[in-house]
Structures are given as C-alpha cells and as structure tokens.
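Structure first, commentary second.
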Amino acid sequence: LDWDTPEAQPDEGAFIHGLFIEGARWDRDAGELRDSILRELAPMMPVIHLQAIPAKERRMSGYYDCPVYYVSQRGGGNPPGSFVFFGQLKTSEPTVATLYGIYTYKWVLAGVGLLMQID
C-alpha cells in the first residue's frame, strides 16, 4: 500500500485521507505512533484504511484508542463536543485495557488525537 495514493478500494471499509495528528506523529517507516518532532504541531497522517469492527473484535494490546475530532477544540465549544469516534493506532508503548478502551498513558498525557481539520 502506497502511503499517499491507494491503488484500489478495499473489500471492506474505505481508504481515507486528510486527517491530522496532534500530540504525536506517525512514523511511516515503523508504521506506528512516535514522539512528535519539534515545531510540527499537526502533521498530516498518511492514507488510512478505516473499517468498522464490533467492540469484542478490537485489538487489545499494541494499539492505542485514539480519539478523532472534527476540530482542535475538544469538549465544549462550537460545535459542542467535536468527538467523532475512536481509531486504533499501532504503538510500541505499553498499553492498558480498561472498561472504556485501550490506553497508553504516554499518549493520553500527550493529548494525542486525530483532527479532521486544523484551525
């Protein structure tokens, strides 16, 4: 799969592009989350294969449940509650499975999230 232009549509789900990541960066060589680079506030993510799965089938280790937002204004504001969904991103950091999702303390404390648009 080319990171910038997919060759065909997948059998299930869809390829999406145009998301930005805040609080971290996507390492294309390793294919996982890494610490952000100085002065890169919201780098663009590569093409992502988005696929809906049942909650019981989600990966429980090695992935971070990353929140996806419409805009960088999280929580209240206009539009109120810009949260859309959780996307699982691969990480090599230790993960903790809880009742509410799979978390990596490092990425939660860094405020990592995907944005559909930047201000």
Side-chain angles (χ1 to χ4, degrees):
L1 174 68
D2 184 9
W3 288 107
D4 297 317
T5 55
E7 296 173 5
Q9 286 296 322
D11 294 333
E12 292 185 24
F15 290 125
I16 62 170
H17 65 91
L19 293 180
F20 300 89
I21 188 165
E22 188 176 62
R25 68 180 171 92
W26 185 257
D27 185 346
R28 293 178 182 216
D29 295 329
E32 65 180 19
L33 281 177
R34 293 287 168 92
D35 289 324
S36 57
I37 297 174
L38 189 62
R39 295 189 182 141
E40 271 193 19
L41 299 179
M44 186 174 267
M45 289 289 289
V47 172
I48 297 172
H49 181 195
L50 188 65
Q51 183 177 1
I53 57 171
K56 63 183 179 184
E57 292 181 16
R58 69 181 178 185
R59 302 173 197 112
M60 298 305 280
S61 65
Y63 288 84
Y64 166 60
D65 279 347
C66 185
V68 179
Y69 299 97
Y70 286 119
V71 293
S72 61
Q73 175 79 28
R74 300 179 189 195
N78 192 9
S82 65
F83 172 78
V84 183
F85 64 92
F86 283 110
Q88 288 194 317
L89 298 179
K90 188 176 178 184
T91 181
S92 58
E93 297 294 326
T95 56
V96 177
T98 68
L99 180 63
Y100 302 106
I102 298 129
Y103 297 107
T104 303
Y105 293 122
K106 177 177 183 172
W107 303 132
V108 171
L109 292 173
V112 174
L114 294 176
L115 307 174
M116 292 186 176
Q117 70 179 17
I118 53 177
D119 301 331

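Nothing fancy with the numbering, it's 1 onward along the sequence.
Hydrophobic clustering, with ILVMFWY side chains joined whenever heavy atoms are under 4.5 angstrom apart, keeps Leu50 apart from Ile53. Tyr105 and Val112 fall into different hydrophobic clusters, where Ile, Leu, Val, Met, Phe, Trp and Tyr residues are linked whenever their side-chain heavy atoms come under 4.5 Å apart, directly or through other members.
Of all heavy-atom pairs spanning Pro43 and Ala24, the tightest one is CG-O, 4.1 Å. What you find for Ala42 and Ile118 is that their closest heavy atoms are CB-CG2, 3.8 Å.
Formation of a donor-acceptor pair under 3.5 Å by the His17 side chain with backbone atoms of Met44 is not found in this model. The backbone N or O of Asp27 lies less than 3.5 Å from no partner atom in the side chain of Arg34, so there is not a single donor-acceptor pair. With Thr104 contributing its side chain and Tyr64 its backbone, the two residues share no donor-acceptor pair below 3.5 Å.
Between Ile21 atom CD1 and Leu41 atom CG the span is 13.0 Å, to the nearest 0.5 Å. In this structure, Arg58 CZ and Tyr63 OH are separated by 14.0 Å, a value rounded to the nearest 0.5 Å. From Glu22, atom CD reaches atom SG of Cys66 across 10.0 Å, with rounding to the nearest 0.5 Å. Note that the CG atom of Leu38 and the CG atom of Asp35 stand 12.0 Å from one another [nearest 0.5 Å]. Note that CH2 of Trp26 is 15.0 Å distant from OG of Ser36, once rounded to the nearest 0.5 Å. Here Ser72 contributes atom OG and Leu115 contributes atom CG; the two are 6.0 Å apart, rounded to the nearest 0.5 Å.
With sequence neighbours excluded, the residues that form a side-chain contact (heavy atoms from CB on, under 4.5 Å) with Met116 are Leu19, Val68, Tyr70, Val84, Phe85.
Within a 6.0 Å sphere centred on CD of Gln9, other residues, nucleotides and ligands contribute more than 12 heavy atoms.
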Name each donor-acceptor pair under 3.5 Å that joins a side chain in residues 86-94 to protein atoms two or more places apart or in another chain, with its distance.
| from | atom 1 | to | atom 2 | distance (Å) |
| --- | --- | --- | --- | --- |
| Gln88 | OE1 | Arg59 | N | 3.4 |
| Gln88 | NE2 | Arg59 | O | 3.0 |
| Gln88 | NE2 | Asp65 | OD1 | 3.3 |
| Thr91 | OG1 | Glu93 | N | 3.1 |
| Thr91 | OG1 | Trp107 | NE1 | 2.9 |
| Ser92 | OG | Glu32 | OE2 | 3.1 |
| Glu93 | OE2 | Lys106 | NZ | 3.4 |

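Taking the six-membered ring for Trp and thresholds of 30 and 60 degrees, Tyr69 and Phe83 have ring planes more than 60 degrees apart, a perpendicular arrangement.
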